[in-house]
Amino acid sequence: MILNAAVPNEFNALRVITLATDATCASRLSGALSAMGITPLANVESLSAVQAWLDESQVDVIVCEIRLGSDAGLMLPSLLKGRYDAGTLMQLPSIFWTGETTLNARAQAVDGACVPPRQASTNQFWIRHIGGVAVSALESHARLARTAGILVEILRDGTPLELGDALRAVMLTRAEADPQLNVATFDALAEDEVINALTTGEGLRFVFQPQFELLSRRVVGAEALVRWKHPQFGEIPPSVLMPLVNRLGLDLLLFSLVEMWTIRVMLALKRERIWIPIAVNASAKTICTPHFADSMAARMRQADLPTRLLKIELTEDVPEPDELLLSASLTAIRTKGFQVSLDDFGTGAATLNLLANLSFDEMKIDGSFVRAVEQHASSRKVIAGIVNWAGLLNLNLVAEGIEDESTIPLLHRLGCRVGQGYALARPMEIDAFLGFVIEQGKPQ
Ligand code: C2E
Ligand code: MG
Ligand code: MG
C-alpha cells in the first residue's frame, strides 16, 4: 500500500492552481490535491484568470481539466511560453492534464498469433481519450511543450500514487531552482535514503521486460529496469529516482548493481540453454567512466558468458559534452563484443547528432511515436523514416511502449520487427521473468 497520505507536509510548499470549466470538476481536483496536503491558491475557470494569478504570485503547478469543447488546457503551454519569452514570467509552472478517460475494448489477437498472457485485468484496456482528446494527440502536444522547457504530465488514471509521483517530479525540479523549497522536501529526505538504498541494496529491485519478435511473438531480448521502494513513500518511479542518482554521482554504482542482477538472470537462462541479449540502461557519463568496457568484459568472463548477450542502452539523461570521449567509449564497448543501443530515439535534443557521429548496433523508437501510430499519420511517417534510417545504417530496431495490441500489425507493416510494451508483457520480477521466458522457450 502506498502511503502518500501519511506525509501531508511533503508537498505543502508547492503553489498550485486548478483550471477547470465547471465547479464539480474543480472541487474534484481540489479534493485530490488536499489529500496530498495541498490547498490550491485558487480554482480558476479561464486562461485569463490563470494570467491574472501569474501576475499576482509565483505558481509551481497548474492542474487542468482536459475537456472537449474547451481548449484552455491545451492552450496553456503556449500561454506560458509566450509570457516566459516576453520576460513577464520568471519561472515556468508545470502543467498536469487530467480528465475523464475513455477506454477501448479488450484487444484481440492478431495474425492468429498467440498473445502472451496479460498480468492484470486493467491491462486489458487501453486509454484512448482523456477528456475527449486522443491520448496520442495529448502526448504529441506534451512532447512539444517539454521541448519548450515546460514540464507537462498527463495523469491518466487519476490515482493518488500517480498524482504524488507527478508532484514529486515537480518538487525535484523546483528544489534545484529554489533553495527555499529544498528544506524538508522529498528531495532532501530522499538523498540519504538513495545513498542507503544503493549502498545496502535495501528497497531496490530489478525487473525485466521482455522484447518480442512481433510476428512470431518469440522473446528475443529483454531490458533491465530498476525499482525502488522507499520505506515511507512507497514505490518511487525511475523518473524521480534517476535524477537523484545522477546528481549524487551514484550512476556507476547503480549500473554495477543492474549489471550484477542481469548477469545472474543470464546465468539462470544459460542453465536452460536460453541465449537472449539483455539490455542495461546507462548514461553517456556512465559509459565514459575509465575502463568501463574492460571491467564489463572481465565480469562477463568471470561468469563465463559471451559479451554479445549484454547490451548497453545509451540514455540521454546525462549527456557527455566530450563527443570524442563518448565515441571512443562506445567503440571500446562494441569492440569487446557488447551491443550498444540508442534509447528513446526521436525525443532527445541530440539524437540525430549522436546517430550521425557515433556507432550503434540498435536504436529504440520512443514510445511516444509508437503510441500515436494509429491516430497520427505524422507518427507513421516518422516511424517509416526511422525504419529507413535503421536500414541504411544497418541498425536493429526496437519499437518501445507498445500499449495496444491493434498497433502491432501496423508497426510490423511499417517495418518494425521487434517490440516491447505493456501489450506484449509488462516489466516482471526476476522469478516471473525467468518462468515466462523458460515457458516460451519450450517446444509447443
Ligand atoms: P527506458 O529505458 O526507455 O525504459 C522503458 C520505460 O518504458 C520503462 O519505464 C518501462 O516500464 C516503460 N514501458 C514499457 N512498456 C511500456 C508501455 O507499453 N507503455 C508505457 N507508457 N511505458 C512502457 P521505467 O521503468 O519507469 O523507466 C523509465 C526510464 O528510467 C527508462 O526509460 C530509463 O531511461 C530510466 N531507467 C530505468 N531503470 C534504469 C536503470 O536501471 N538505470 C538507468 N540508468 N536508467 C534507468
Ligand atoms: Mg531503456
Ligand atoms: Mg526507452
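This one's a predicted model, so the numbers in the text were calculated from it and none came from an experiment. First listed ligand is number 1; within each ligand, the first listed atom is number 1. Both backbone and side-chain heavy atoms feed into the values below; hydrogens, waters and symmetry mates do not.
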State plainly whether the residues [X] and [Y] are in salt-bridge range, i.e. N to O under 4.0 Å.
X	Y	result
R371	E400	no
E193	K229	no
R417	E213	no
E374	R380	no
E429	R205	yes
R299	E259	yes
R247	E191	yes
E100	R28	no
K285	E320	no

Of all the non-hydrogen atoms in the protein, which one sits nearest to [atom], and at what distance?
atom	value
atom 22 (N) of ligand 1	Y422 OH, 3.4 Å
atom 7 (O) of ligand 1	E400 OE2, 4.7 Å
atom 30 (O) of ligand 1	P238 CB, 3.3 Å
atom 1 (P) of ligand 1	D343 OD2, 3.6 Å
atom 20 (C) of ligand 1	E403 OE2, 3.2 Å
atom 39 (C) of ligand 1	V226 CG1, 3.7 Å
atom 34 (O) of ligand 1	T315 CG2, 3.7 Å
atom 35 (C) of ligand 1	M242 CG, 4.1 Å

I need the atoms of ligand 1 closer than 4.0 Å to a non-hydrogen atom of [X], numbered in the order shown.
X	answer
G421	15 (N), 18 (O)
R371	19 (N), 20 (C), 21 (N)
V258	41 (O)
I402	18 (O)
P427	11 (O)
D344	3 (O)
L254	42 (N)

Consider ligand 1: state whether an atom of it lies below 4.0 angstrom from any non-hydrogen atom of E223.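 A heavy atom of E223 does come that close to ligand 1.
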How is the N/O/S atom of E400 that comes nearest to the Mg ion (ligand 3) named?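 This turns out to be OE1.
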Provide the atom name of the closest N, O or S atom of D344 relative to the Mg ion (ligand 3).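 For D344, the N/O/S atom sitting closest to the Mg ion (ligand 3) is OD1.
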Does S239 reach ligand 1 with a nitrogen or oxygen that is under 3.5 Å from one of the ligand's nitrogen or oxygen atoms?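 No.
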Kindly check if the number of other-residue, nucleotide or ligand heavy atoms within 6.0 Å of CE (M75) is above 12?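 No.
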Which N, O or S atom of [X] lies nearest to the Mg ion (ligand 2), by name:
X	value
E313	OE1
D343	OD2
E223	OE2

Please check atom 25 (O) of ligand 1 for a protein heavy-atom neighbour under 4.0 Å.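 Yes, at least one protein heavy atom sits under 4.0 Å from atom 25 (O) of ligand 1.
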For K364 and E313: C-alpha separation, side-chain torsions, deciding distance, then whether salt bridge (Lys or Arg N to Asp or Glu O under 4.0 Å) applies. CA-CA 9 Å; K364 295 184 85 176; E313 273 186 27; 2.7 Å; yes
Quick one, D361 with K311, criterion salt bridge (Lys or Arg N to Asp or Glu O under 4.0 Å). Give me CA distance, side-chain angles, the key distance, then yes/no. CA-CA 9 Å; D361 299 279; K311 195 185 289 176; over 6 Å; no
Taking heavy atoms and a distance under 4.0 Å, where does [X] meet ligand 1: side chain, backbone, both or neither?
X	answer
K364	neither
T286	neither
R426	neither

Donor-acceptor contact below 3.5 Å, side chain N196 vs main chain D192: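 No, the answer is negative, given that no donor and acceptor are paired below the 3.5 Å cut-off.
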Are any side-chain N or O atoms of R273 and backbone N or O atoms of K270, one a donor and one an acceptor, separated by less than 3.5 Å?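 No; zero donor-acceptor contacts below 3.5 Å.
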Of the backbone and side-chain N, O or S atoms of N281, does one lie nearer to the Mg ion (ligand 2) than 2.8 Å?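 Yes.
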Once the angle between the rings of F436 and F212 is folded into 0 to 90°, is it parallel (under 30°), tilted (30 to 60°) or perpendicular (over 60°)?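 Because their plane-to-plane angle is over 60°, the rings of F436 and F212 count as perpendicular.
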Under 3.5 Å side-chain donor-acceptor pair for D251 and T286: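 The answer is yes; a qualifying pair exists.
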